[in-house]
Number of protein chains: 4
Amino acid sequence: MILQLICPDRPALVSELSGWVAVNGGNILHADHHTDVGAGLFLSRIEFGIEGFGLPREAIAPAVNALADRLGGQAQLHFSDEIPRVAIFASKQSHCLLDLLWRTRSGELPMQVPLVIANHSQLEPLCREFGVCFECVPMTPASKPEAEQTMLDLLAEHRIELVVLAKYMQVLSGAFLERFSTVINIHHSFLPAFKGAQPYHRAWDRGVKVIGATAHYVTEDLDDGPIIEQTIEHVNHRDEVEDLIRKGRDTERLALARALRLHLCRQVMVYRGRTAVFA
Amino acid sequence: MILQLICPDRPALVSELSGWVAVNGGNILHADHHTDVGAGLFLSRIEFGIEGFGLPREAIAPAVNALADRLGGQAQLHFSDEIPRVAIFASKQSHCLLDLLWRTRSGELPMQVPLVIANHSQLEPLCREFGVCFECVPMTPASKPEAEQTMLDLLAEHRIELVVLAKYMQVLSGAFLERFSTVINIHHSFLPAFKGAQPYHRAWDRGVKVIGATAHYVTEDLDDGPIIEQTIEHVNHRDEVEDLIRKGRDTERLALARALRLHLCRQVMVYRGRTAVFA
Amino acid sequence: MILQLICPDRPALVSELSGWVAVNGGNILHADHHTDVGAGLFLSRIEFGIEGFGLPREAIAPAVNALADRLGGQAQLHFSDEIPRVAIFASKQSHCLLDLLWRTRSGELPMQVPLVIANHSQLEPLCREFGVCFECVPMTPASKPEAEQTMLDLLAEHRIELVVLAKYMQVLSGAFLERFSTVINIHHSFLPAFKGAQPYHRAWDRGVKVIGATAHYVTEDLDDGPIIEQTIEHVNHRDEVEDLIRKGRDTERLALARALRLHLCRQVMVYRGRTAVFA
Amino acid sequence: MILQLICPDRPALVSELSGWVAVNGGNILHADHHTDVGAGLFLSRIEFGIEGFGLPREAIAPAVNALADRLGGQAQLHFSDEIPRVAIFASKQSHCLLDLLWRTRSGELPMQVPLVIANHSQLEPLCREFGVCFECVPMTPASKPEAEQTMLDLLAEHRIELVVLAKYMQVLSGAFLERFSTVINIHHSFLPAFKGAQPYHRAWDRGVKVIGATAHYVTEDLDDGPIIEQTIEHVNHRDEVEDLIRKGRDTERLALARALRLHLCRQVMVYRGRTAVFA
């Protein structure tokens, strides 16, 4: 069981939280705290076993919420035996999608993937091999509202809790995000460098010596969401744009897989447009 | 104030420790814990402010020791306003020594360096520039016992708490270590690869593509002490041995400076031949 | 067309080689040379276009060999339109195999994979998905000579030019290597550290802060072959052995894929137990 | 002796260049070439010994220029025994300055530093220790034209060939650069991210997980000059702005030292706003 809490900083918070776990008979396996002094905020992540816990399972969440209320903060609770249902959005490129499906199948990512949505059909055979439902939802500027509605319906139908954009190459509208907001994206640059389209082409033009990839939560401001993970790769003058793209695939899939694992293991806390990553 | 504690694992330890801090009116700034499941050990590092602390300064250590005794463990306490006295041992090479002296002067390393000992005289001018006492203690196989005694006397005279081997290139005897045991060394390889002499020559012979440096606590078994930090550098077939040595200097001084800072900030805990680094 | 040449060093070799290309009407696209001063050897890799080349295709190899003879060296010639036939040996783990099959299908690795051999049957479905012939050749100490003979027969039948050990976990005998010698292996440590079995367990025991993977050519001396590529990954005290194994998978498949691409693009030259990598 | 040449691409250029060296009795030690296909340009760097060279020293440059003219390109020639005179511009921070002075003294950077200019006086003692002439030229918006004139006079007086901005924190005017154009700068961000002032503050605000440093040639467009080297450092939520600044110092001085060495070893070629780095 993982408890995440954010609240205004004040003395004795660690004691209060760990005392609550102890008094209920829980055993802390990992505990990590962070005080953002500038923001005056206390962030805590506590992982504890609940064998022989003093509260019945259904009473834990209300108790945690009451505790958070008393501290003027917000808590999130996660039972480790609840495996989240995740949808992957893709386009034509397979590297991130295949990587995530393989990591899921091999048990490296504690999630299930009942649904893949793409705006092109190329990745259907790959999904079939992995036994995942594939839905093609084409997207044009004109059809966007309708297409996004279709996608939202699919998410509801499959009871999806998290969407991962695995090189989806489309911008989700504010209207979409208002209705489904837990979305992780991989951007193929070292943000905030090269926001927007064709980052590798622009990186090549600028003559950089390092390229990168950024996995982040999606907000309405394109490429401005809280960053979870960034990876980099060295390049040199011998690398053409297509070499940057090729090398980039490795760093993209790594950044996305790491970020997703951190998210799924509840090691990420988001606040004020940034993340604390308890790794 | 920083409290480090190791004890057998059991439930409610975080609560007990943080409760002790809270009940005395301390405010936890950072808290980090680790359970080594295989070893059945709980490790904790708690950093807390003691303005308005309920115990007078001289009573804190006894209280902490009593707490540790009750938990069957061992505690270490460090007051942040106590700046440790550190001696640096060197030989002929200046890069690590200069780096440490500069970092000390610039406030990056919270230590004072009243003494440098070397078995050669080349580094005397450098030490004079930094206003550090330089003692040359030559070392031959025959003179070793006597030379080490001289060094131990110097350490005592200067009230040294920590020795850093900054490319000292000599092996301290078991007799020396018995009498002065807190010693950090930088070895110019990626341990356990290339233990012993001339690691860059042997790395070149083996045709490796990456070289490294390892900062570790010194034990009687040469190059086998607990590792604090390791850094690496890429090399290729164009690099001759002297290029490995040159590139190595950068990675050596970085590993050593990082390890030393971690040690000085009490972020390192040693147990069972290994370290937990709360970074 | 790629020409690789090793010969004793002497003046005017670059001129001689590039002159030979020019006089035959070839256009050099890339040229890279290295002089190993200690060994007194000159290594050269020249990539040139042969549209309008003055020699017919079948006459190029004899001409190159004559040139190499005259220089007292050895040359290798590779036509870029000849896609090598590669067999992958695996065991139970899928990560390297899947990665190589996917990179081949996506065009990132200029090779064809007509054959996968494994000593266990788990990876058969994966191979079927990729349309690759899968042969299970179980291996026990007693059956080893016979099993290796079966494997050699399969290699001959499929006209295999290169074998890649993608976590094969078996040691090929000297007898096998005498009959088929172009073999690339991935070892899950930062060689020469942790040669042999269970490197992650031993890395954990030693308390290292960085793990690595090494892709190398296979020789009879286990884990002592010429190194092509090494990658690394940071670890800390929170990582259990299974975390090292998990993190290691990413660095293993990257090292192997990079080494294989370098080999296939004829960017690797082997001499005196080491490699020059013209990247 | 190092010859760098850029010219329009056409067949037989390698042969022509290496033939010219060979016919004059030079022995090529290293040769590296690059064709920028998009730009239609051929870049070459040839390092050769001139013991027993067929041309007298003073005749080599005219001969090389004639060769370059014939190829419609431009050549640069560098005699390895000519040690360039370099001025370092600094402000208050010592880390890059000290690093460069130490590397020069230890022979790692093949240059001499007769002059340091700073707009503050703090670094004078450091320069005195290294026996380097220190000139303080204060800089205000009003005094800038006059101050820059003073600096140009100092450069002329000391016969300076290269200026290195080692955290100078002032922008050189276009007028200055018109009169002295070979300037290398270290910018404390991963360009093009965080151009301009206070990059670490802005990196912290954005919540990035990696910071960087960029060494580049200075052009009138601030932070837009050709990039020579980029280095990076990982950061996390525990790092405050001052930690980014501290960690940044290590990556800054490394990027600057590497870039400077590449420049001094004539391994960098600039064209079309970018660099080819023959490393």
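Chain letters run A, B, ... following the sequence lines, proteins first, then strands; residues in each count from 1.
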Subject >> Asp205(A) versus chain D, the contacting section by heavy-atom distance below 4.5 Å >> reply: backbone
Original post:
Would you call Asp99(D) and Arg103(D) a salt bridge, taking side-chain N to carboxylate O under 4.0 Å as the test?
Top reply: yes
Subject >> Salt-bridge contact Lys247(D)-Glu233(D) (side-chain N to carboxylate O under 4.0 Å) >> reply: no
Subject >> Contact class of Asp239(D) relative to chain A, heavy atoms under 4.5 angstrom >> reply: neither
Subject >> Note: Asp243(A)-Arg238(A) ion pair, threshold 4.0 Å (strictly below) >> reply: no
Original post:
What's the verdict on side chain to side chain contact (heavy atoms under 4.5 Å, CB included) for Leu101(D) and Ile88(D), showing C-alpha distance, side-chain angles and the deciding distance?
Top reply: CA-CA 9 Å; Leu101(D) 292 178; Ile88(D) 301 175; 4.3 Å; yes
**OP:** Under 4.5 Å, counting heavy-atom pairs only, tell me which of His234(A), Arg202(A), Gln230(A) racks up the most with chain D.
**Re:** Gln230(A)
**OP:** Examine whether an atom of Ile228(D) lies under 4.5 Å from a heavy atom of chain A, and if so say whether it belongs to the side chain, the backbone or both; otherwise answer neither.
**Re:** backbone
**OP:** Under 4.5 Å, counting heavy-atom pairs only, tell me which of Ser189(D), Ala203(D), Gly225(D), Gly38(D) racks up the most with chain A.
**Re:** Gly225(D)
Subject >> Among Thr35(D), Asp224(D), Leu43(D), residue most engaged with chain A (heavy-atom pairs, under 4.5 Å) >> reply: Asp224(D)
Subject >> Aromatic plane relationship, Phe42(D) with His33(D) - under 30° parallel, 30 to 60° tilted, over 60° perpendicular >> reply: parallel
